[in-house]
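Below is one structure, written out as structure tokens; comments come after it.
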Amino acid sequence: MAVTIKTADSGDSRAACRFCGARLEHTFVDLGMSPLCQTHIEPHQLNSMERFYPLLVRVCRECFLVQLEQYVAPDEIFCDYAYFSSYSDSWVEHARRYVEAVTRRFGLGNKSLVMEIASNDGYLLQHFVARGISCRGIEPAANVAKVAVERGIPTTVRFLGRDAAHDLACEFGKPDLLLGNNVLAHVPDINDFVGGMKRLLGGTGVITMEFPHLQRLMAENQFDTIYHEHFSYLSLGTVERIFAHHGLRLFDVEELSTHGGSLRIYACHADDASKADTGEVQRVKAGERAFGLDSLRGYDGFERRVRDTKNKLLRFLIEAREAGKTVVGYGAPGKGNTLLNYCGIRTDYLDYTVDRSPHKQGRYTPGTHIPILAPERIRETRPDYVLILPWNLQQEITRSMSYIREWGGRFVVPIPAVRVLP
Ligand SMILES: [Zn+2]
């Protein structure tokens with residue numbers, strides 16, 4: 001289906017779809033007001049005002065792009081970003097396996113050029129460097145890019161768009177592989193971004209991108225993955241439409257377990273006949289149609305399920321409190337911030353939470369002001385329940401914290417519905 005791009009300038013105050021320009025009037029879910037998820041509060045800030053922004057998610061009636069309006073400039077969010085990918089062992093291993101597979105599949109060698117968008121601290125490109133393949137990282141957060149450069153990963157500090165693509169192609173050449181993981185959802189101007197990839201990619205080059213799959217978000221109630229840094233929530237059907245508009249064709253897709261269920265897409269120039277379609281794109285799109293993602297009605301009902309999840313979690317916490325039980329949190333991830341703010345969970349329900357990252361310890365969760373302590377605190381206070389906020393890491397966490405069973409402690413996960421683990 002062809003999509004006409006309209007300019008949003010009719011004097012109407014409602015936002016326009018960031019892809020096709022249609023007026024956004026259909027609500028997907030309204031999670032109320034929330035502060036930015038990376039702004040952990042320091043003790044001296046506890047008595048200061050905090051800025052809250054709406055978490056109102058819309059779905060476009062024309063192209064079904066599920067999206068959050070942009071309230072905060074991306075450079076405010078990403079320029080001094082606190083997330084270093086190398087801190088997660090499982091993510092570094094995921095990257096290593098990807099590099100091995102893609103090098104083999106597309107015959108990359110010492111004459112190839114690989115570029116990564118949002119290359120973070122070089123956790124992925126380091127595996128190409130080790131194979132003698134030329135690399136260039138493109139990373140907007142200067143503090144994170146600096147770490148990559150110190151590790152020997154050539155990195156340009158920049159947001160990707162059409163202008164940046166032109167400059168990069170002139171200076172470094174056009175890549176044989178252009179990749180970006182967990183970046184497509186984070187770009188406010190998705191047309192300038194995908195248009196930039198089109199301009200940058202070499203003639204027979206391949207684009208791969210990973211992003212959380214909207215269908216999994218909906219099927220598994222992962223509403224806490226909605227936060228201000230994530231502007232778009234993507235189905236394969238909508239991504240294919242956006243890429244096609246910019247002259248790019250999807251020829252393969254893989255379903256991954258990362259981030260609660262992600263897609264990895266493979267794209268090339270629309271006129272590049274050297275890439276055969278694997279049939280997987282059609283298969284995943286058929287699943288999305290069966291799920292209802294190609295009609296507005298398919299998006300209704302999500303908000304009701306989100307409220308049910310909130311009610312069940314609050315009921316559990318209230319009953320635990322009334323029974324004189326102690327409940328603490330594990331983790332202070334971005335998704336925890338949405339969950340805690342949306343459900344109104346403060347120290348009345350959670351005494352404290354713990355996090356392995358020393359950058360977060362001694363601070364407080366944004367908006368809800370729950371103290372973030374070192375994990376050892378759990379052994380000292382022996383709580384009855386530990387609520388796992390980064391539920392996607394629950395296996396890792398229950399294994400490393402299994403000692404809570406010594407005093408009869410139990411783990412609880414909030415998503416897809418509150419559940420006390422056996
Ligand atoms: Zn649209």
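Positions are given from 1 along the sequence. Whatever order the structure lists them in is the order used to number ligands and atoms, beginning at 1.
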Ion pair Glu100/Arg97, N-O distance below 4.0 Å
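Looking at Arg97 together with Glu100, the answer is no, because their closest N to O distance does not fall below 4.0 Å.
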All ring pair (Phe, Tyr, Trp, His ring centres under 6.0 Å) counterparts of Phe28, not counting sequence neighbours
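With neighbours one apart ignored, the set is Phe302.
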Can you tell me which residue pairs pass the salt bridge (Lys or Arg N to Asp or Glu O under 4.0 Å) test with a partner in residues 256-278, sequence neighbours excluded?
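Qualifying pairs, neighbours excluded: Glu210-Arg264, Glu254-Arg264, Asp272-Lys275.
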Contacts table for residues 170-180: side-chain donor-acceptor under 3.5 angstrom, sequence neighbours left out:
| from | atom 1 | to | atom 2 | distance (Å) |
| --- | --- | --- | --- | --- |
| Lys174 | NZ | Arg199 | O | 3.2 |
| Asp176 | OD2 | Leu113 | N | 2.8 |

Less than 2.8 Å from the Zn ion (ligand 1) is the window; count the protein N, O or S atoms in it.
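Every protein N, O or S atom under 2.8 Å from the Zn ion (ligand 1) counted, the figure is 4.
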Looking at Phe64, is Arg241 sitting on its ring face, NZ or CZ under 6.0 Å from the six-membered ring centre and within 45 degrees of the normal?
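Cation-pi check for Arg241 and Phe64: fails.
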Polar contact flag, side-chain donor to acceptor under 3.5 angstrom, Glu288-His213:
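The criterion, which ignores hydrogens and geometry beyond distance, is satisfied for His213 and Glu288.
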